[in-house]
Amino acid sequence: MAESPAWMFTKALNHRQKVMRLYKRACREVDNWYGGNNLEVRYQKVLLRARFDANKDEHDTRKAQLLLADGCRQVWEKRHFKPFRFALDPGGSSYDRERESPDVILDSDQWTLAEREQFPYYFNKREQRKKELLAHWSKIEKAWDDEIAAIQTKIPEEKKVATV
Amino acid sequence: MNISIYLILLVFGFFMLMVWSFPFMKLSLYFVEWDFLSLKFNMYFNSVLFSFILMLVTFSVLVFSTYYLNSELNFNYYYFVLLIFVGSMFSLNYSNSVFTMLLSWDLLGISSFFLVLFYNNWDSCSGAMNTALTNRLGDYFMFVFFSGCIFSGYFFMSFSFFSFFMVMMLVLTAFTKSAQFPFSSWLPKAMSAPTPVSSLVHSSTLVTAGLILLMNFNYLIMHKNVLFMCLAIGIFTMFFSSITALVEEDLKKVVALSTLSQMGFSMVTLGLGLNFISFIHLVSHALFKSCLFMQVGYIIHCSFGQQDGRNYSNNGNLPNFIQLQLLVTLFCLCGLIFSSGAVSKDFILEMFFMNNHMIIFGLMFFISVYLTFGYSYRLWKSFFLSFNKVMNHFSSSVFMNFLSFMLVVFSVSFLWWLNMNMMNIPGLFLYLDFYVPLFYTVFVFFMLFMGFKLLFKELSYKFFGDYLAKNSIYKMKNIKFMDLFLNNMMSKGFSFFNGTSLVSGLYMKSKNYNSVLILIMFLFLLF
């Protein structure tokens with residue numbers, strides 16, 4: 001099983017960002033429940049915004065965190081049994097229908113030369129690009145090495161406070 | 001010679017078959033008969049009528065699929081498997097022996113598996129596995145039934161108990177294929193097939209195969225316990241699928257659940273013992289359900305493959321004439337007057353309420369019929385009452401208008417005509433005494449001539465013969481050019497349905513139309 005790339009997409013969020021994400025998620029749930037009926041959708045979203053705005057100016061951070069957690073709980077409890085997905089997204093009805101073939105099948109020798117000669121421009125350009133890619137490969141590898149080296153691996157040392 | 005002459009003669013041949021079968025009420029063809037391995041075919045009025053409808057639906061679906069699967073690379077695969085499926089449905093229809101029936105039944109299950117498996121994504125694979133395994137279970141029941149038939153020549157003490165179980169197996173196999181109560185999970189999941197597949201397979205052929213089986217074995221089923229089981233399961237299927245259709249968001253699944261509800265309805269009429277009426281209901285249902293699938297599929301395709309009804313952006317802009325036709329199709333489905341749904345549904349309702357049942361059956365049945373209106377209205381509402389508007393449409397088709405118009409006209413009028421005229425058909429025999437044998441000989445010779453010509457000239461001597469199958473698909477999948485031609489004509493000013501769009505579009509987009517519709521449906525429900 002491959003390693004999960006979740007570390008690539010994780011970052012620390014501040015409170016504002018978390019509230020924004022909760023709001024967007026709650027709006028999506030309203031869309032799920034009230035779907036095609038735009039009047040109801042608009043009304044419910046206005047109510048939702050009012051509820052968020054009521055606690056907008058909260059200065060107590062602990063209370064703000066509690067409200068956020070409570071909001072997450074409410075979104076979880078009111079989730080729709082079959083959420084709306086766009087057709088081409090994972091979980092949608094038209095997901096993963098077209099599969100592209102790998103490019104390497106064009107090089108297969110089962111395909112006769114006569115058929116390949118019908119498209120001279122394409123295949124000549126393809127050969128040229130293959131040569132360029134091989135020449136360029138060493139540069140690509142070096143670029144990858146630089147990128148990995150640029151990621152921080154050591155914790156910066158604490159500044160030594162003069163203890164006098 | 002032109003193929004259209006062949007097709008016209010084929011259509012005419014169907015009606016002639018129905019007439020010729022008059023002396024013994026059937027026409028049999030025995031190809032091979034070797035005890036078990038016997039290919040026998042039987043043509044009588046029911047099966048000829050059904051195969052006529054099947055042929056109509058098949059041609060419509062083939063044309064529709066050239067629109068829907070236009071840029072698919074796997075079109076050849078789809079076409080071949082569909083033809084295998086249609087062939088097995090025809091042979092199930094006409095079959096007269098155990099072997100033929102088993103062969104076509106299994107072939108139906110397998111080819112529907114391959115049809116659902118058209119797209120290679122997870123939805124299709126899981127739906128196809130569901131379909132195949134449930135059908136396999138039905139095949140098991142059928143094998144047990146036919147094995148039990150071996151004992152029908154013997155008599156032992158518990159024979160009636162044994163034969164009751166045999167008949168139960170037969171009824172169970174019809175339940176799995178027609179997706180009745182315990183086995184109905186495969187039908188909504190098989191909606192991950194492309195829509196042309198759904199409109200042929202899941203509207204009129206695969207799900208009716210179980211009911212046709214029961215109708216053919218009618219004299220075996222005519223026992224009050226067995227019929228009671230059919231009735232109870234049918235009512236239960238109708239009830240829960242109607243309720244589910246009210247809550248389901250994916251509109252193609254709503255149409256699948258409405259198919260399920262109508263199949264439960266047919267099972268209820270079989271449970272009442274009325275097998276001809278049930279057959280007539282199947283026939284009319286085949287027409288308008290496949291038409292409904294095609295119209296819904298047209299809208300789905302124009303929304304880039306989106307089946308969820310919550311984000312549709314049509315509001316009558318896109319499918320102007322389709323909207324009206326969809327409405328008429330839904331009217332047929334509900335059984336409103338002057339359409340073919342009315343013929344069967346009215347009679348069934350009348351017959352159902354003439355008996356004494358437990359109150360819960362009557363209540364469930366009534367609620368289910370009422371909910372037919374409910375989900376039809378829901379279907380119509382979620383397509384055409386959304387506020388989002390778009391300017392550009394994805395691959396819209398003018399040709400679809402004509403196609404669904406033809407089917408709608410046919411579905412509305414066919415059974416009504418049949419109902420009015422069925423008692424007059426014997427009157428035809430008075431005039432045909434003289435002409436029939438003459439026509440028969442001419443017709444048979446003509447068909448034989450065409451057949452020989454096809455077989456011995458086209459398929460073997462011409463270079464073309466090796467590629468006949470492939471070439472016919474190539475000619476078939478470019479029917480889209482007709483559509484481009486029509487678009488060209490429309491851009492030059494020869495528009496076809498222009499009149500409907502301006503005035504009635506204004507009326508339909510207003511919100512008053514909605515309440516008029518509710519009123520119409522409610523009135524029809526009451527009366």
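Bear in mind that the values here come from a model prediction, so they are computed numbers and not experimental data. Throughout, a chain's letter reflects where its sequence line sits, starting with A, and its residues are numbered from 1.
Remark: side-chain polar atoms of A:Asp89 are not paired, donor with acceptor, to backbone N or O of A:Arg85 under 3.5 angstrom. A donor-acceptor contact shorter than 3.5 Å links the side chain of B:Lys252 to the backbone of B:Met191. Side chain of B:Tyr77 to backbone of B:Phe114: a donor-acceptor contact under 3.5 angstrom is found. In terms of modelled atom types and a separation under 3.5 Å, the side chain of B:Ser126 and the main chain of B:Trp122 share a donor-acceptor contact.
Ring geometry, A:Trp33 versus A:Phe81: the interplanar angle exceeds 60°, so the pair is classed perpendicular (tilted spans 30 to 60°).
Contact of B:Glu249 with chain A is made through the side chain alone, with heavy-atom distances under 4.5 Å. For A:Pro90, no part lies under 4.5 angstrom from a heavy atom of chain B. Contacts between A:Phe84 and chain B at a heavy-atom distance below 4.5 Å involve backbone atoms as well as side-chain atoms. Residue A:Asp31 touches chain B through its backbone alone, counting heavy-atom pairs closer than 4.5 Å. Interface remark: B:Asp123 contributes side-chain atoms only to the contact with chain A (heavy atom separation under 4.5 Å).
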